[in-house]
Protein chains: 4
Amino acid sequence: MTNSETKLTKKQIAILEAATELFAEKGYAGTSTSEIANKAEVAEGTIFKHFKSKKGLLLSIVSPMMVKLIAPMVKNDMNKVLDQDFEHFQDFIRAMIENRKAFIKKNLPLLRILIQEIPFHPELKEQFIEHIGKDIFARLRNIVEHYQAKGQLIQTHSDTIIRIVASSIFSYIIARYVIVPDGDWNDEEEVERIIQVLENGIVPRE
Amino acid sequence: MTNSETKLTKKQIAILEAATELFAEKGYAGTSTSEIANKAEVAEGTIFKHFKSKKGLLLSIVSPMMVKLIAPMVKNDMNKVLDQDFEHFQDFIRAMIENRKAFIKKNLPLLRILIQEIPFHPELKEQFIEHIGKDIFARLRNIVEHYQAKGQLIQTHSDTIIRIVASSIFSYIIARYVIVPDGDWNDEEEVERIIQVLENGIVPRE
Amino acid sequence: MTNSETKLTKKQIAILEAATELFAEKGYAGTSTSEIANKAEVAEGTIFKHFKSKKGLLLSIVSPMMVKLIAPMVKNDMNKVLDQDFEHFQDFIRAMIENRKAFIKKNLPLLRILIQEIPFHPELKEQFIEHIGKDIFARLRNIVEHYQAKGQLIQTHSDTIIRIVASSIFSYIIARYVIVPDGDWNDEEEVERIIQVLENGIVPRE
Amino acid sequence: MTNSETKLTKKQIAILEAATELFAEKGYAGTSTSEIANKAEVAEGTIFKHFKSKKGLLLSIVSPMMVKLIAPMVKNDMNKVLDQDFEHFQDFIRAMIENRKAFIKKNLPLLRILIQEIPFHPELKEQFIEHIGKDIFARLRNIVEHYQAKGQLIQTHSDTIIRIVASSIFSYIIARYVIVPDGDWNDEEEVERIIQVLENGIVPRE
DNA sequence: CATGAATGAGGCTTCATTCAT
DNA sequence: AATGAATGAAGCCTCATTCAT
């Protein structure tokens, strides 16, 4: 039940938090280790004692978050779907958005780092493809095919449905939190509308 | 008489092209001016003769592209819509995606720079909001309301429809070109599917 | 408990000394930070760890010297004058020149920097006016008026006397150390002659 | 009767004037050739067509001024002294200050450059010593000895008298125009006072 | 564990100077 | 004679990283 953070000392946590905030705000390349040390109230050398290099620090931030991002999906969703906890596909989507929301709000800076830095770091890209691209995708494919078999989704290549649904959600998240974070969003309604459109779009008409 | 690029010398073009490629590949902060000079086969000093600073170079790359990105929309679309060149809303969307495709393919690196760097540069953010956020949004609102009046779009707040459609398209572009550029995409079909879903989602059922 | 320099590390002192010598020899603008690093046998980066910028280095050299230049005057002279340690004005002048001589000889390069760079650096000008122009001038005015009251100085506007005396001394210093430093000066006699002329000039004839 | 400036083209004059102003304001090392070109409204290359290098430009500014500075002394003073135009030494000094005043006011920037840059340029130093240090000094020595022979100056080493007088005048000029140019000077009175003190100081009491 | 002084490579930018036009 | 684009060396400064304490 203990998780990997248990081993972290106070200073390590301070460093990780400072780095997360700064990387999110100014980008990885735009942030200096001395800024991080400053904000974490730690000596410059301390950073390198715990994280071999600046890149190592980035990975220490991003890698665990990728795991966390997909953890609930891996553990719960699949079972709930098979156990018929979600009778309709839209129930599944709604649940997925809802239970990720708190996480996303809390981990916004982490998400921004992930999105911004993936293109520039092969290691990250690899991890991302490995975890999200393959693992998650396989699970989602099972789920989609499950609902298709039940006649609740139109018969198209499952990948396409996944992409459309995922991208609709993802675009909302990016727009909401990265592109126009200062707009006056009514999140509940927006989510409802997205789901409505998706439902109209991918649920067969009887 | 042709266009504004006519005034650029060979070296200036070489610098802009090299910078565009490198910024797209390694990010603005991750690219050094000496790398740019190298790739452009130009002395480093030459860069600063033509562009006040590294930031100035970035703006010289990104600003014109924002204008170009929206130019066709400003000039043509509205008239075509009013002239009934597009009888149905989906015709309008399809046309919009189609005629931007060539541009997007050609200006992929530029788009990546735009997307990646906007969060870190207030000037860019401002320009973006000014051009895309205000100008374009107003036009799109007119178009949506035009089709709503014709009974071709469901009656929701027009902003929401715009956001859903735009984000679906935008998410496709991001996924296609930024997140998974190396996937094996069948662009025509993907676009068709997006349009299909959008049509199902936002066109009222008779 | 000794003095403020106690806090300086060896490298900081080496940097300050190298910079002082070079600034005096080639001027502030004519000296590069890499030259300073070289002469101080220190990495160039080390300079900027200790002094925010090249300008900061200049100020770290010049500011304390301004204080030191006037310190003895502030502490001792006034009391000695009032205590009648100097019965005649010329005694006062002689003492003032004498007790500054060691300091001047030792801090010649510093003085040269001060004189050469003041016109180009508003901060220096300000400090100079603040310390020398206001503080010292007020004290000198008191002293002059003190001797005028005793009938030992001609009755002219005290500012004028100060200026004439100070400029005679100052001109000697400039001539001696800046304009013709390589001439064969007999300092004792020169000082005696200056004092003689001043005495003849500003002491009333009985 | 034509002087060396006759050969100068408009552009050359513009360059010299711009350079003079800028060198005086920011120092030689602190002024860039492009700034000069800018201010002179001339292409950068043009400067180097006319003045081989930046240093050449400096010399073209300073050398002629040294000649001009001493010209009147060379031509007139000596004769006037011998012709008894100035019966007393103080008449000579007064005339010297007076007839240099217009020149100094007009050529203030040039003087500042001369004073500031001499220490950093061996060529200038050499010229200065050659012209002022030797030529002028020899003349002045003659003059002083002339008045000493007439019993109008105290019997001290003539060099000393020259230095004291010159430095008193020089210090006034420096103070007036370099150190405290913004003070509210009453030039006539100040000059009168200087002369008075000098007279008291170096004219024997009968 | 933690520090922070020290490093030297490298970043952005400016400079004096050249040369084809 | 005049231009100004082009250069590359050099300038100031920041960076990630190391190491003695």
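Every chain is numbered from 1, with letters handed out A, B, ... down the list of sequences.
Not one N or O on the side chain of A:K11 forms a donor-acceptor pair closer than 3.5 Å with the backbone of A:A40.
Remark: C1' of F:dT7 and CD of B:Q12 are 16 Å apart, rounded to the nearest angstrom. Taking atom NE2 of residue D:H50 and atom C1' of nucleotide F:dA2, one finds them 8 Å apart after rounding to whole Å. Atom CG of C:L8 is separated from atom P of E:dA6 by 12 Å (rounded to the nearest Å). Rounded to whole angstrom, the span from the CD1 atom of A:I47 across to the C1' atom of E:dA5 amounts to 16 Å. In this structure, C:K11 atom NZ and E:dG4 atom C1' are separated by 14 Å, rounded to whole Å. For the pair A:F51 CZ and F:dA16 P, the interatomic distance rounds to 15 Å; values are reported in whole Å. Distance A:L57 CG to F:dT17 P: 10 Å, rounded to the nearest Å. For the pair D:E41 CD and F:dG4 P, the computed distance is 12 Å after rounding to whole Å.
In the set F:dA6, E:dA2, E:dA6, the nucleotide with an atom closest to the side chain of C:K49 is E:dA6.
In the displayed structure, C:E41 atom CD is contacted under 6.0 Å by at most 12 heavy atoms of other residues, nucleotides or ligands. Within a 6.0 Å sphere centred on NZ of D:K55, other residues, nucleotides and ligands contribute more than 12 heavy atoms. Heavy atoms from other residues, nucleotides or ligands lying under 6.0 Å from CD of B:E123 number more than 12. Counting heavy atoms of neighbouring residues, nucleotides and ligands inside a 6.0 Å radius, atom CD of A:E126 does not exceed 12 of them.
One distance of note links CD1 of A:I15 with OG1 of A:T20; it measures 11.0 Å at 0.5 Å rounding. Rounded to the nearest 0.5 angstrom, D:K52 NZ and D:L59 CG are separated by 10.0 Å.
Residues C:S34 and C:E44 meet the side-chain proximity criterion, which asks for heavy atoms closer than 4.5 Å.
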Identify each atom pair where a protein N or O and an N or O of nucleotides 10-13 of chain F are less than 3.5 Å apart, giving names and distance.
from: F:dC12; atom 1: OP1; to: C:T31; atom 2: O; distance (Å): 3.4
from: F:dC12; atom 1: OP1; to: C:K54; atom 2: NZ; distance (Å): 2.7
from: F:dC12; atom 1: OP2; to: C:T33; atom 2: N; distance (Å): 2.6
from: F:dC12; atom 1: OP2; to: C:T33; atom 2: OG1; distance (Å): 3.0
from: F:dC13; atom 1: OP2; to: C:K54; atom 2: N; distance (Å): 2.7

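Secondary-structure stems of DNA chain F, taken as three or more successive Watson-Crick or G-U wobble pairs (i with j, i+1 with j-1) under a 3.5 Å distance threshold, comprise E:2-21 with F:2-21.
Dashed line: the shortest gap from a side-chain N or O of B:K10 to OP1 or OP2 of F:dA5 is not under 4.0 Å.
For the pairing with C:P119, the side chain to side chain contact (heavy atoms under 4.5 Å, CB included) check across D:E25, D:K26, D:Q116 returns one residue only, D:Q116.
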